[in-house]
Amino acid sequence: MHNFIQAFQFIGRNGELPGQPHFSTLTYYSLGTLKITLIAMVISLAIALPIGVWLGHMHRGSFVAINLGNIGRALPSLAVLAIGVAFLGIGLKNVLLALVVLAVPPIITNAYVGLDQVDPDLVDAARGMGMTGWQILWRVELPLAVPLVMAGVRTSALFVISTTTISALTGYSDSLGEIINDEASYHLSGVLGAAICIAAMAILVELLLAGAQRAMTPVALRGRVADVIQDEYVPIAVGAAGVI
Amino acid sequence: MKLPLAAGGPIIPSFGSPHSLACERANRLFCWGWFKENWAGTLWPALKQHVVLTLIAVVIGFAIAMALALIAYRYRRAEQPLIWFTSFLYTIPSLALFELLVPVPGLGLSRTTAEVALVAYTLLILFRNILTGLRNVPEEVRDAARGMGMSRRQMLTRVELPLALPAIIAGLRIATVSTIALATIAALIVNQGLGVPILSAISNSTGPFKTELLAAGALAVLLAIAADALLVGVQRLMTPWVRARAA
């Protein structure tokens, strides 16, 4: 218990160490973590969303889209990071590459499943109303797919935050993982304090994305979103973050 | 670069004799000589430990998740809190969770700590899939079972759980595969599993040792694929009616 009290004291003084009173390590490394998380997510979304949405819209490539997700889940993040470092050296770009490799599969898979499983009758009805392919995509399929697409985005965001901290083990020193990896300087209290901060950050991001998902879901569907996921869809291919 | 936590003690690069092979010294893409030399002493034991770590975590996680899912199935009011609780556990980044568990009395740098963390990560997936499977049993089927005079327990064991099997095994597949990937991080806590060669390759004095990284990483992925295929086979054997219906 004592250790945890000290950890909160560490958080209370913003991670400043006795020797360096003006360096707020927690703020510094938290911002570093958020920065790399944000960059990795923007790149991953830019790559994965169009692919997943297009495949789902065309109902094509189910084998690739689903298995990509399965293989992505099997990749050990520590190994992916370390292989990136071994072949490309330590640096922001290489950590980003590893993060993107880990973040892309769940987004593609979920976007595919989300669009693929939209009720064909609804699409037919939309077509009957004279909507073009684009309009069907924008006004019918995407709104209905929001819960699943966002589940993928949330899974990816969790992967990325988690992996960003692990990247410290492979020598990347600009995330909260750096404190965890340096018990000699920060002591156990600092390690625990940083771990608590990372956990809090992950939960915050998750809640934020859950809020975003709610805001993007069509009003008429909001109450039913949970049921759509739970009753009509056996989540074989979907990450776990489809709740809250 | 600083050594990872547990590396102060047990994790020492386990080369037979340091850099005895030319391709090992050169740190080429993949050094088969090293692989053959270290298969029996390093990689195979790590792989076996990895299987044990995963198996224990998934079995315990499944038992807990099953209990939680049955509670939520019976008492709908328990569902939302349980989802919050398991999502909360799932959301905590792995490195942080492992570190937070270490100072807990009775855990420390032990396999128990690693298993507690790994179990925590399986709960959400298993819980949600078991519950989804149970809820997806058609109401008519339940009515028919009730009409045949089945008790609640009989309905559960003979009708609802068998019909929920595909969803349950889907959950087991996801949980097993992600546990195999996560268990590499457990090497920070306990000197076991495929994370050990990965960490030792990272802390190699002349830069990350590629052969060991690729070998251990590939073994983890292959293990995950094999486990996944095995569970698909189990599902086929246990749910023959699904195939019959599809045919």
Side-chain angles (χ1 to χ4, degrees), chain A residues 1-4 7 70-71 73-80 82-83 85-87 90 158 161-166 168-171 173 176-177 180-185 188 191-192 194-199 201-203 205-206 229-236 238-244, chain B residues 1-2 4-5 27 83-84 86-88 90-100 102-103 105 124-125 128-129 131-133 135-136 166-167 170-171 173-174 177-178 180-185 187-188 194-195 198-199 201-202 207-210 213-214 216-218 220-221 223-225 228:
Chain A
M1 219 46 242
H2 183 62
N3 288 319
F4 286 102
N70 289 336
I71 290 178
R73 199 165 17 237
L75 290 176
S77 47
L78 185 61
V80 174
I83 289 170
V85 169
F87 286 91
I90 295 169
L158 279 188
I161 293 182
S162 178
T163 310
T164 308
T165 48
I166 295 170
L169 301 176
T170 60
S173 58
L176 278 169
I180 288 192
N181 196 29
D182 190 4
E183 194 173 349
S185 314
L188 185 58
V191 171
L192 291 177
I196 293 169
C197 285
I198 295 167
M201 190 186 285
I203 289 165
V205 168
E206 172 69 12
I229 292 175
Q230 284 166 0
D231 293 343
E232 285 168 20
Y233 185 66
V234 177
I236 292 177
V238 179
V243 277
I244 292 195
Chain B
M1 195 197 99
K2 285 135 211 147
L5 250 198
N27 201 0
I83 284 184
W84 279 329
T86 49
S87 317
F88 169 75
Y90 188 85
T91 307
I92 302 174
S94 46
L95 190 62
L97 184 57
F98 279 114
E99 296 301 340
L100 288 172
V102 169
L124 172 65
I125 299 161
R128 222 184 46 160
N129 272 45
L131 193 60
T132 308
R135 291 261 159 83
N136 274 350
R173 287 171 60 190
I174 302 178
V177 169
S178 37
I180 290 173
L182 262 171
T184 50
I185 318 266
L188 290 171
L194 287 166
I198 293 177
L199 285 180
I202 292 172
F209 181 37
K210 290 173 189 161
L213 276 181
L214 287 175
V221 174
L223 180 62
I225 293 173
D228 197 51

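In what follows, chains are A, B, ... by sequence order, proteins preceding strands, each numbered from 1.
- Annotation: maximal heavy-atom pairing with chain A below 4.5 Å, among B/P103, B/P105, B/A216, occurs at B/P103.
- Residues B/I125 and B/S178 come closest through the heavy atom pair CD1-OG, 4.0 Å.
- In this structure, B/L213 and A/F87 have side chains that are not in contact, with every pair of non-hydrogen atoms separated by 4.5 Å or more.
- Using a 4.5 Å cut-off between heavy atoms, B/I180 makes no contact with chain A at all.
- Ranked by heavy-atom pairs under 4.5 Å with chain B, the list A/A79, A/A199, A/A86, A/C197 is led by A/A86.
- Taking the side chain to side chain contact (heavy atoms under 4.5 Å, CB included) definition, one finds that A/V80 meets it with A/L75, A/A98, A/V101, A/L102, sequence neighbours left out.
- Heavy-atom pairs under 4.5 Å with chain A peak, among B/A220, B/G217, B/A224, B/S94, at B/S94.
- In terms of non-hydrogen atom pairs under 4.5 Å with chain B, the most contact-rich of A/V205, A/I203, A/N3 is A/I203.
- Proximity to chain B is absent for every atom of A/L176, based on heavy atoms less than 4.5 angstrom apart.
- Each of B/D228, B/L223, B/V221 was checked for a side-chain contact (heavy atoms from CB on, under 4.5 Å) with B/I225, and the lone residue meeting it is B/V221.
- When each of B/L182, B/L199, B/L95, B/L188 is paired with A/L78, the side-chain contact (heavy atoms from CB on, under 4.5 Å) condition holds for B/L199 and for no other.
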